[in-house]
Amino acid sequence: MKKTLLFMMAALCLISCGGDDDEPKVNNQQKETNEIVSILNGKFVGSKVSESDGITETHEIIFSPYSSPKKEEWTENAITKEILIYGECDFSTYFNDHLLETSDHWKYNITIAYDRAQPRLYLYPETYGVSKMYSITKLSSTSFKLDDIIYNKE
């Protein structure tokens with residue numbers, strides 16, 4: 001009887017001492033996603049110079065994050081998937097003289113496929129069309145790199 005009582009008390013103690021599991025844990029992927037999302041707010045400018053002709057290509061991105069992410073369905077190439085949209089952005093590109101300028105409005109998502117994977121910024125058109133994808137790397141709280149261009153906050 002004494003052994004049974006001791007065993008039951010030990011089992012109860014083990015069960016009740018597991019309180020740490022009740023707190024949500026943020027994995028590395030979510031932590032890195034949150035860090036990148038927190039940077040994407042406001043106007044960022046990046047440029048690159050063509051070595052062959054010396055023309056500067058400048059990109060301006062104005063990020064307008066939502067107060068909280070929204071789940072949306074997106075269909076592309078006959079495949080529908082649910083994505084998490086963090087906000088909207090205006091993406092403008094121009095060259096030295098501003099004579100050729102393009103501007104598009106997008107919804108954006110940050111995805112990290114697995115722990116330690118390269119983060120990706122996905123841009124989705126407002127209603128339909130083809131999405132774009134860039135590798136994104138956090139450089140500081142006011143700068144990041146998309147593919148091979150460094151963007152700084154203005």
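Hydrogens, waters and symmetry mates play no part in the numbers below; they use all other heavy atoms, side chains included.
Partners of Tyr86 under the ring-ring contact (aromatic ring centres under 6.0 Å, His included) rule, at least two apart in sequence or in another chain, do not exist in this structure.
A pairwise comparison of heavy atoms in Asn41 and Pro65 identifies OD1-CD, 3.5 Å as the closest pair. The minimum heavy-atom distance between Ser140 and Ile39, with the atom names listed, is O-CD1, 3.2 Å. Listed here is the closest heavy atom pair of Ser131 and Glu76: OG-OE1, 2.7 Å. Residues Thr80 and Thr75 share a closest heavy-atom pair of OG1-OG1, 2.7 Å.
In the hydrophobic clustering of ILVMFWY residues, with side-chain heavy atoms under 4.5 Å counting as a link, Ile85 and Met133 come out together. Under a hydrophobic clustering in which Ile, Leu, Val, Met, Phe, Trp and Tyr are joined whenever their side-chain heavy atoms come within less than 4.5 Å, directly or via other members, Ile136 and Phe44 fall into the same cluster. Under the 4.5 Å side-chain heavy-atom criterion for grouping Ile, Leu, Val, Met, Phe, Trp and Tyr, Val45 is not connected to Ile61 through any hydrophobic cluster. When the side chains of ILVMFWY residues are joined at heavy-atom separations under 4.5 Å, either directly or via intervening members, Tyr151 and Tyr122 end up in two distinct hydrophobic clusters. In the hydrophobic clustering of ILVMFWY residues, with side-chain heavy atoms under 4.5 Å counting as a link, Leu146 and Leu40 come out together.
Remark: the backbone N or O of Ile112 is paired with a side-chain donor or acceptor of Gln29 at under 3.5 angstrom. When atom types are taken as modelled, the side chain of Asn152 and the backbone of Ser143 share no donor-acceptor pair closer than 3.5 angstrom. A donor-acceptor contact shorter than 3.5 Å is absent between the side chain of Thr111 and the backbone of Ala113. Counting only distance, with no hydrogens or angles, the side chain of Asn77 and the backbone of Ile79 share no donor-acceptor pair below 3.5 Å. Counting only distance, with no hydrogens or angles, the side chain of Lys153 and the backbone of Ser141 share no donor-acceptor pair below 3.5 Å.
When the shell of 6.0 Å around CD of Glu126 is examined, it contains more than 12 heavy atoms from other residues, nucleotides or ligands.
For the atom pair CG of Leu100 and CD of Glu57, the computed distance is 9.5 Å after rounding to the nearest 0.5 Å. A distance of 10.5 Å separates CZ in Phe95 from CD in Glu101, rounded to the nearest 0.5 Å. From Cys89, atom SG reaches atom NE2 of His105 across 7.5 Å, with rounding to the nearest 0.5 Å. The structure places CD1 of Ile83 at 12.0 Å from CD1 of Ile110, a figure rounded to the nearest 0.5 Å. For the atom pair CG (Asn96) and OG1 (Thr56), the distance works out to 4.5 Å, reported to the nearest 0.5 Å. If you take CD on Glu60 and CD on Glu154, they are separated by 6.5 Å, rounding to the nearest 0.5 Å.
Contact annotation: the side chain of Lys107 never approaches that of Lys70 to less than 4.5 Å [non-hydrogen atoms, C-beta and beyond].
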Show your working on side-chain contact (heavy atoms from CB on, under 4.5 Å) between Gln30 and Asn27 and close with a plain yes or no.
CA-CA 5 Å; Gln30 190 59 50; Asn27 64 29; 3.3 Å; yes
Given the rule in the side-chain contact (heavy atoms from CB on, under 4.5 Å) test, do Tyr134 and Lys132 qualify, once you have shown the distances and angles that lead to the verdict?
CA-CA 7 Å; Tyr134 299 91; Lys132 293 185 177 184; 3.8 Å; yes
Which is it for Phe91 and Leu123 under the side-chain contact (heavy atoms from CB on, under 4.5 Å) test, yes or no, and what are the steps along the way?
CA-CA 10 Å; Phe91 197 111; Leu123 300 178; 4.0 Å; yes
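In this model, a donor atom of one side chain and an acceptor atom of the other lie less than 3.5 Å apart for Ser103 and Ser92.
Under the side chain to side chain donor-acceptor pair (under 3.5 Å) test applied with Ser135, the options Arg120, Lys145, Gln118 reduce to a single match, Arg120.
Classified by interplanar angle (parallel below 30°, tilted 30° to 60°, perpendicular above 60°), the ring pair Phe63/Tyr108 is perpendicular.
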